[in-house]
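Read the structure below first, then the notes.
Atoms considered below: every heavy atom in the structure, side chains included; atoms not considered: hydrogens, waters and symmetry mates. In this text the structure is predicted, and so the values were computed from the model without any measurement. Lettering follows sequence order; numbering is per chain, from 1.
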Protein chains: 2
Amino acid sequence: MANQYERISTDLRHQITSGELAEGDRLPAETELAKRYKVSVPTVRQGVGVLQSEGLLEKQHGRGTFVRRQPTPVTRTNLRHQWEKDRARESESERLKTGATEHDTGLTVNDLVFDAKYDRVPASAELAAAFDVPEGTMLLERIYRTRHSDELTPFNVSRSYLPLELVEPNPDLLREDLEPWPGGTQNQLFTLGIELDRIVETFRARPPTPEETEELGLPVGVSVVILRKTSIDTTDRVVEISDVVLPGDRTEIVYTTKLDRW
Amino acid sequence: MANQYERISTDLRHQITSGELAEGDRLPAETELAKRYKVSVPTVRQGVGVLQSEGLLEKQHGRGTFVRRQPTPVTRTNLRHQWEKDRARESESERLKTGATEHDTGLTVNDLVFDAKYDRVPASAELAAAFDVPEGTMLLERIYRTRHSDELTPFNVSRSYLPLELVEPNPDLLREDLEPWPGGTQNQLFTLGIELDRIVETFRARPPTPEETEELGLPVGVSVVILRKTSIDTTDRVVEISDVVLPGDRTEIVYTTKLDRW
DNA sequence: GAGTGGTCTAGACCACTGT
DNA sequence: CAGTGGTCTAGACCACTCC
């Protein structure tokens, strides 16, 4: 190995993958590692930084450097959409039982804390194009934050947009205090006489912005998954767009494509 | 701003997002930036490192630090599966015209360089579970690397697995020199009398391993998207598993879910 | 208060790129 | 060759955590 810091990072990586260092274990202090590898402290920090960006180590100021626990991912499937559609016409008592997030995570309502903020915003050029409406058309913006009740940071932040004109016939849909709405968006649309035909989801992974790092409490090296859900009704009209930011290391997405028979 | 390096990174970030520094522009040398911000060179490097991990800057040893060009993503849709299935029974001349990768990227066959390696491997515990066969069952492993003809590093690496017993009836399927096979895997399966019922794809984003960084030529801060495609035939049997590693910054995935009518 | 990581300095020397 | 980033040192002082 040519470099000192790579010598350190490959050695520590082997210790982790071999199990010599287990998940949650604390590493020796940086001064101690410097003595052990016969290098200066900044060089140790450089080597540790490599493993931090690989998601193998996590530093905690004042406490130490720890082998990171690989988080168990939350699975999100496209079966949820049909499941939600089937529920949209159920009775309120039936719809109250559970929501799509609980459906995905297997958690009950009590484990989740939910926060909704409603606002009216003019459509940006990009959203206007997606809705096929003039730029500046008023939209209902709804920002949702979902987190586990025993954690501080949300595990997802989502922004949903609906043309204001579309939802105005039902004033209840403008009230954020009625969230969480039993049966979700598809039931809300049902109250407007709207039936969905299909849902198009696009997504990408990219490094987080500083705001996202803070908001989601992301460790170094974890990227975010950006998911845009576009809901299209039976008249081929885009009725809702929802942008979700998910922590890349805790998210698994599963899609089933059913094929036509020969 | 409390820290010097954050002062530098936020200032440079503003210059980039405001357009004052355009894509491809070279930054002043680190010594020059140190003078300008009245800090030491390592502090400049720390600030630049932040933007590097956000994918905004790219360092090139001996040349300078540049504002990174945001790559145009390759889109991969689930419509390709039905498209491939429809083609699987076409004549060879029809199938020769184009492949699924070209379908996604919009490139012609001449722009793409394709490399296939076949091997026989025993099933790992994990693959055996996915195929529902005993551990150690022999599998045909096929490793594909696809790259643009004018670039050195592949833009994806994929590993495909098929139970060896399944493909042996057609010896041509064991010959890597017949790649690229016109019509792809679904046509290969068709020669065995196998029809696919559905395809389940799961994917996740995570930081790359050192090997992946090297193989895909990934810049700092870019994560990889891991996609596992499981093909299930009309008898509910898993017939192929394909693992693809994609550069997160160049990949966009689009899935359409068609909903049943009320 | 002891121990940890976080920020920062002011250099030295090496490796790579271009002319 | 000059100019660039890459590696590394040997410290100083600050901020956080836990006892």
Side-chain angles (χ1 to χ4, degrees), chain A residues 1-13 16 21 24-68 152-153 210 213-214 217-221, chain B residues 1-13 16 21 24-68 152-153 210 213-214 217-221:
Chain A
M1 189 62 52
N3 303 328
Q4 301 274 37
Y5 81 91
E6 286 186 8
R7 199 187 92 224
I8 297 170
S9 61
T10 57
D11 182 49
L12 290 175
R13 192 185 298 110
I16 293 168
L21 280 167
D25 280 2
R26 211 197 75 181
L27 261 60
E30 297 182 338
T31 49
E32 170 60 26
L33 287 174
K35 258 185 259 171
R36 195 173 301 182
Y37 288 109
K38 299 190 191 305
V39 295
S40 68
V41 169
T43 301
V44 166
R45 293 175 62 80
Q46 196 178 355
V48 167
V50 170
L51 300 183
Q52 209 182 347
S53 72
E54 286 174 23
L56 293 174
L57 290 180
E58 184 175 353
K59 290 187 166 196
Q60 292 182 35
H61 193 172
R63 303 221 315 130
T65 303
F66 299 83
V67 179
R68 183 146 172 262
L152 286 172
T153 55
T213 301
E214 173 151 16
L218 294 172
V220 177
Chain B
M1 190 62 52
N3 303 329
Q4 303 274 38
Y5 81 91
E6 286 186 8
R7 198 187 93 225
I8 296 170
S9 61
T10 57
D11 182 49
L12 290 175
R13 193 185 296 112
I16 294 168
L21 280 167
D25 280 2
R26 210 197 75 182
L27 260 62
E30 297 181 339
T31 49
E32 169 60 25
L33 287 174
K35 260 185 257 171
R36 195 173 301 182
Y37 288 110
K38 297 188 191 306
V39 296
S40 68
V41 169
T43 302
V44 167
R45 292 175 60 81
Q46 195 177 355
V48 167
V50 171
L51 300 184
Q52 208 183 349
S53 72
E54 287 174 21
L56 294 174
L57 290 181
E58 184 176 353
K59 291 186 166 195
Q60 293 182 33
H61 193 171
R63 303 219 317 128
T65 303
F66 299 83
V67 179
R68 182 146 173 263
L152 285 171
T153 54
T213 301
E214 174 151 15
L218 294 173
V220 177

query = Rounded to the nearest Å, what distance is computed from the NZ atom of residue A:K59 to the C1' atom of nucleotide C:dG6?
reply = 8 Å
message = Can you measure A:Y5 atom OH to D:dG6 atom P for me and round it to whole angstrom units?
response = 9 Å
query = Closer than 4.0 Å, any side-chain N/O of A:R26 to the OP1 or OP2 of C:dT4?
reply = yes
query = Should B:R45 be listed as having a side-chain N or O under 4.0 Å from OP1 or OP2 of D:dG6?
reply = yes
task = In whole angstrom, give the distance that lies between atom CD of B:E6 and atom C1' of D:dA15.
result = 14 Å
key: Atom of B:R68, atom of B:P219 and distance for their closest heavy-atom approach   = NH2-CG, 3.6 Å
key: Sugar-phosphate only, base, or nothing, as touched by A:T31 at under 4.0 Å among non-hydrogen atoms   = nothing
Option passing side-chain contact (heavy atoms from CB on, under 4.5 Å) with B:Y37 (candidates B:E32, B:Q4, B:R7) = B:R7
task = Please tell me which of the listed nucleotides, D:dG6, C:dG5, D:dC8, lies nearest to the side chain of A:E30?
result = C:dG5
request  = State whether B:S40 places a side-chain N or O below 4.0 Å from either non-bridging phosphate oxygen (OP1 or OP2) of C:dG11.
outcome  = no
Touch class at under 4.0 angstrom, heavy-atom based, for B:V39 against every strand present = sugar-phosphate
Length of the CD-P vector between A:Q52 and C:dG5, whole Å = 11 Å
task = State, yes or no, whether a side-chain contact exists between A:R13 and B:P210 at a heavy-atom distance under 4.5 Å.
result = yes
request  = Whole angstrom is fine here: how far is it from CD in B:Q60 over to P in C:dG18?
outcome  = 8 Å
query = How close or far is atom P of C:dG5 from atom CG of A:L33, stated in whole angstroms?
reply = 8 Å
key: Under 5.5 Å and under 30°: A:H61 stacked on C:dG6   = no
message = Is the shortest side-chain heavy-atom distance between A:V67 and A:L56 below 4.5 Å?
response = no
Between NZ on residue B:K35 and CG on residue B:L33, distance to nearest 0.5 Å = 10.5 Å
inquiry  = Can you work out whether B:V41 or A:A29 has the more 5'-proximal nearest nucleotide on DNA chain C?
reply    = A:A29
request  = Might you point out which heavy atoms bring B:G64 and B:R26 nearest each other, and give the distance in Å?
outcome  = CA-CD, 4.2 Å
ask   = To the nearest angstrom, how far is B:R7 atom CZ from C:dC8 atom C1'?
value = 13 Å
Identified side-chain contact (heavy atoms from CB on, under 4.5 Å) partner of A:L27 from the options A:T65, A:I16, A:V44 = A:T65
ask   = In whole Å, what is the span from the CD atom of B:Q46 to the P atom of C:dT9?
value = 10 Å
task = Check whether any side-chain heavy atom of A:Q46 sits under 4.5 Å from a side-chain heavy atom of A:V50, and report yes or no.
result = no
message = Check this one for me: any side-chain N or O of B:R63 less than 4.0 Å away from OP1 or OP2 of C:dG18?
response = yes
query = Per the end-axis method with five pairs at each terminus, what is the bend angle of the helix from C:dG1-D:dC18 to C:dG18-D:dC1, to 10°?
reply = 20°
inquiry  = It should be established whether A:T65 places a side-chain nitrogen or oxygen under 4.0 Å from OP1 or OP2 of nucleotide C:dT4.
reply    = no
